[in-house]
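Chain letters run A, B, ... following the sequence lines, proteins first and then strands; every chain starts at 1.
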Amino acid sequence: MTEIRHWADVIAEDALNLHKNNIIATGITPSGHIHIGNMREVVTADAVYKALLKQAPDSETKFYYIADNYDPLRKVYPFLEESEYKEHVGKPLSEIPCPCGEHSSYSDHFLDPFLKSMNELGIHPEVLKIDELYKSGFFKDIIVLSLQKRDKIAQILHEASGRETDESWSPFNPVCEKCGKINSTIVNSFNADEYTVDYSCKCGYCGVASMIGGGKLTWRVEWPAKWALLGVTIEPFGKDHAASGGSYDTGIRIVREIFGKEPPIPVNYEWIMLGNKGAMSSSTGVVISIKDMLEVIPPEALRYLIIRTKPEKHIRFDPSVPLLNLVDEYERLRDKEDLTEYEKRIIDLSKSEGVEQSIIPFKQMVTIYQVARGDIDRIEKIANRSGFNESRKLTENLAENVKNWLERYAPPFAKFGVSDTIPVQAASLTDCQRAFLKSFADELLKHEEPSAEDVQKLIYETKDENSSIHKTMVEYFGKPINASAINPKDFFIAIYISLLGTPSGPKAGWFLTSFDVDFLVERFREAAEYKP
RNA sequence: GGGCCCAUAGCUCAGUCAGGCAGAGCGACUGGCUUUUAACCAGUCGGCCUAGGGUUCAAAUCCCUAUGGGCCCGCCA
């Protein structure tokens, strides 16, 4: 069997066989909440980027994130105020007011949180906002070239995609000076020396627009233009662009035949499905934003989800119990001693560069958090007692994740509440259970800091007639108890009833060590006496 | 109508590019305490690699075909 290699390393090697220096680009249109599916593109790119850096440390490697924020607003999305945004349909996203008023534009409203999330995931590309590129004149010469070769481009679009372009079609769409829209103008002529076009707009206005910030290339031309100008050698994109006759197909021909450059190596990736609700999609409303996601899942676990799966496979993302298992799987692998080369690589690529995260397992925090009832001081104390010594900030971050998970996605069986007072269910305890609780309390007092194993052992020792807990139990019970009639199960139930009011709970030994011994002793003694 | 991707253990998936003994994690089961308790440790079980053909000394892997699933082609990755 040949050595197993990670997909990112394979892609990087392919790229290095073609180019010494590689430029990887990715980007999205910030027209709505940027969801976890979009993150796949960025994490995929980041993985390949890291692989390139590792395989060719002496090459020049770049990673661009391009925000397509000059695209027009296509419609009034369900999350927008109809009355307020109707007039903005057709305008470039960067020129539309922010929905919340706190960002400089509509596109920044969605882009800013995404950039923050990327940062939390340890992804640090060079961010390019395409409106700024247009406004700086970055595209001006390629716009002229595109206008000059308009007929040839139209022919390519027709041949490769079957798309018909009419007389008024232009590779460059000016922004109307009067109505601000970019999708309703027709180019009548252009001036290559002045970098301007004459246009007329459906709103009735006719004017002159600059190729420097006065409009944009149409998407199918803009994409190859970006490849040509930035020298992009690798680009991940979703299958919508990958379809035959899709924009990658036409892009290949345009970049070669019009711009005289080679297209990037494509990295096709599949979509992320949300539970059983289908594909994530901004337009159908099946969406969990990255921000929402990072509020419940530690960043490295989210990276892990994407890193461990080959790009062409679906990822089914379910924030309830499967999320718990996903995080658990990542943490186990992270903490494992003897990793295979492949596992090591997975962990390497999943690590968020420059971002530290808690070493406390998520599942354990789920219990700690609930025992401490969210009190961070107590959480920290319990964590310390369990042998986790890390900065409070890290513990706090994880506690915050767990809090949100419990509130939003946790199934009932994962939740419990430690009552302040004796649960009324304690009334149902049998005399034998009460005797056990009293003697159990006595035994706990004998230990300074009982370990989980100590506790577990104590409960089982009740069956041993020579054990001290058995003897005190008999004493409290008032008459001999036949060892074979003792069922530790009843005692577990007594413990859970006393603390939670339910007959079951987290693994007892470990659960109990999350409490102060004094509290337990008091509670068990109280429960033993409790009569409604 | 045209095109893409996926199918391997109960579950999630590696392994397919470059053919060479069928793999991991989780779950389940057993033991660690004669007796489940959401932790931990050790071990065991578990597969006609979707089906049918072809190429080959040799196929999960390469080539056809079929079936099932997820999508794309009116710019949501």
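- By the salt bridge (Lys or Arg N to Asp or Glu O under 4.0 Å) test, A:E41 is found to be paired with no residue, residues two or more places apart in sequence or in another chain being considered.
- In a base pair of the Watson-Crick type (N1 to N3 plus N6-O4 or O6-N4) or a G-U wobble (N1-O2 and O6-N3), with each distance short of 3.5 Å, B:rU55 is matched with no nucleotide.
- Rounded to the nearest Å, the gap between the C1' atom of B:rA9 and that of B:rG23 is 10 Å.
- Distance check on atom P: B:rU61 versus B:rU50 gives 9 Å, rounded to whole Å.
- Annotation: salt bridge (Lys or Arg N to Asp or Glu O under 4.0 Å) contacts of A:R334 (sequence neighbours excluded): none.
- The CG-P distance, from A:N325 to B:rG27, rounds to 7 Å in whole Å.
- In this entry the distance linking CD1 of A:I272 with C1' of B:rC72 reads 17 Å, nearest Å.
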For A:L18 and A:D14, run side-chain contact (heavy atoms from CB on, under 4.5 Å): C-alpha distance rounded to whole Å, both residues' side-chain angles, the deciding distance at 0.1 Å, then the answer. CA-CA 7 Å; A:L18 289 175; A:D14 289 349; over 6 Å; no
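- We find that CG of A:L93 is positioned 14 Å from P of B:rC75, with the value rounded to whole Å.
- Using N1 to N3 plus N6-O4 or O6-N4 for Watson-Crick, or N1-O2 and O6-N3 for G-U wobble, each under 3.5 Å, B:rC76 pairs with nothing.
- For B:rG47 and B:rG20, the P atoms lie 22 Å apart once the distance is rounded to whole Å.
- A side-chain donor from one of A:S468 and A:K446 sits under 3.5 Å from a side-chain acceptor of the other.
- A distance of about 28 Å separates the P atoms of B:rU12 and B:rG53, rounded to the whole Å.
- Residue contacts shown for A:Y342 are limited to sugar-phosphate atoms, with no base heavy atom under 4.0 Å away.
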Run the numbers on A:W271 and A:F317 for ring-ring contact (aromatic ring centres under 6.0 Å, His included), then give the verdict. CA-CA 10 Å; A:W271 306 52; A:F317 184 83; over 10 Å; no
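- In this structure, CG of A:N268 is placed 14 Å from C1' of B:rC73, rounded to the nearest angstrom.
- When the P atom is used for both B:rG46 and B:rG10, the distance is 11 Å, rounded to whole Å.
- Across the protein-nucleic acid pair, A:K75 atom NZ and B:rC75 atom P stand 11 Å apart, rounded to whole Å.
- Note: A:Y77 and A:F79 have parallel aromatic rings, judged against thresholds of 30 and 60 degrees for the angle between ring planes.
- Distances shorter than 4.0 Å separate none of the side-chain N or O atoms of A:R345 from OP1 or OP2 on B:rA14.
- For the pair A:R220 and A:G238, nearest-nucleotide mapping onto RNA chain B gives the more 5' position to A:R220.
- With rounding to whole Å, A:D335 atom CG is found 13 Å from B:rC26 atom P.
- Rounded to the nearest Å, the gap between the P atom of B:rA59 and that of B:rC76 is 47 Å.
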For nucleotides 5-10 of chain B, read 5' to 3', which letter fits each nucleotide if B means a protein heavy atom sits under 4.0 Å from the base, S means only the sugar-phosphate is that close, and - means neither? SSS---
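- The nucleotide B:rC4 finds its pairing partner in B:rG70, both defining distances of the Watson-Crick or G-U wobble pair being shorter than 3.5 Å.
- No side-chain donor from either of A:T29 and A:S31 sits under 3.5 Å from a side-chain acceptor of the other.
- When Watson-Crick and G-U wobble pairs are counted only if both distances are under 3.5 Å, B:rG19 pairs with no nucleotide at all.
- Of the nucleotides present, none pairs with B:rU36 by Watson-Crick or G-U wobble criteria with both distances under 3.5 Å.
- Across all strands shown, A:I459 has no heavy atoms under 4.0 Å from either base or sugar-phosphate atoms.
- No close placement of the A:F172 and A:F139 rings is indicated, their centers lying 6.0 Å or farther apart.
- Residue whose closest nucleotide on RNA chain B sits further toward the 5' end, between A:Y496 and A:G27: A:Y496.
- Taking 4.0 angstrom as the limit, A:R332 places a side-chain polar atom (N or O) nearer than this to OP1 or OP2 of B:rC26.
- Of the nucleotides present, B:rA24 is the one that pairs with B:rU12 by Watson-Crick or G-U wobble criteria, both distances under 3.5 Å.
- Checking B:rG46 for Watson-Crick or G-U wobble geometry (two distances, each under 3.5 Å) identifies no partner in any strand.
- By the 30° and 60° cut-offs, the orientation of the rings of A:Y304 relative to A:Y330 is tilted.
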Between A:I359 and A:E331, is a side-chain contact (heavy atoms from CB on, under 4.5 Å) present by the stated rule, with each step listed? CA-CA 8 Å; A:I359 54 164; A:E331 289 164 346; over 6 Å; no
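- Going from atom CG of A:D318 over to atom C1' of B:rC26 covers 15 Å, rounded to whole Å.
- Nucleotides B:rC5 and B:rC41 place their P atoms 41 Å apart, quoted to the nearest Å.
- The gap from the C1' atom of B:rU55 to that of B:rC62 amounts to 8 Å, rounded to the nearest Å.
- As judged by a 4.0 angstrom heavy-atom cut-off over every strand, A:V10 is placed among the base-contacting residues.
- If you take CD1 of A:I346 and C1' of B:rC13, they are 10 Å apart, rounded to a whole angstrom.
- Across all strands, A:T29 comes closer than 4.0 Å only to sugar-phosphate atoms, never to a base (heavy-atom distances).
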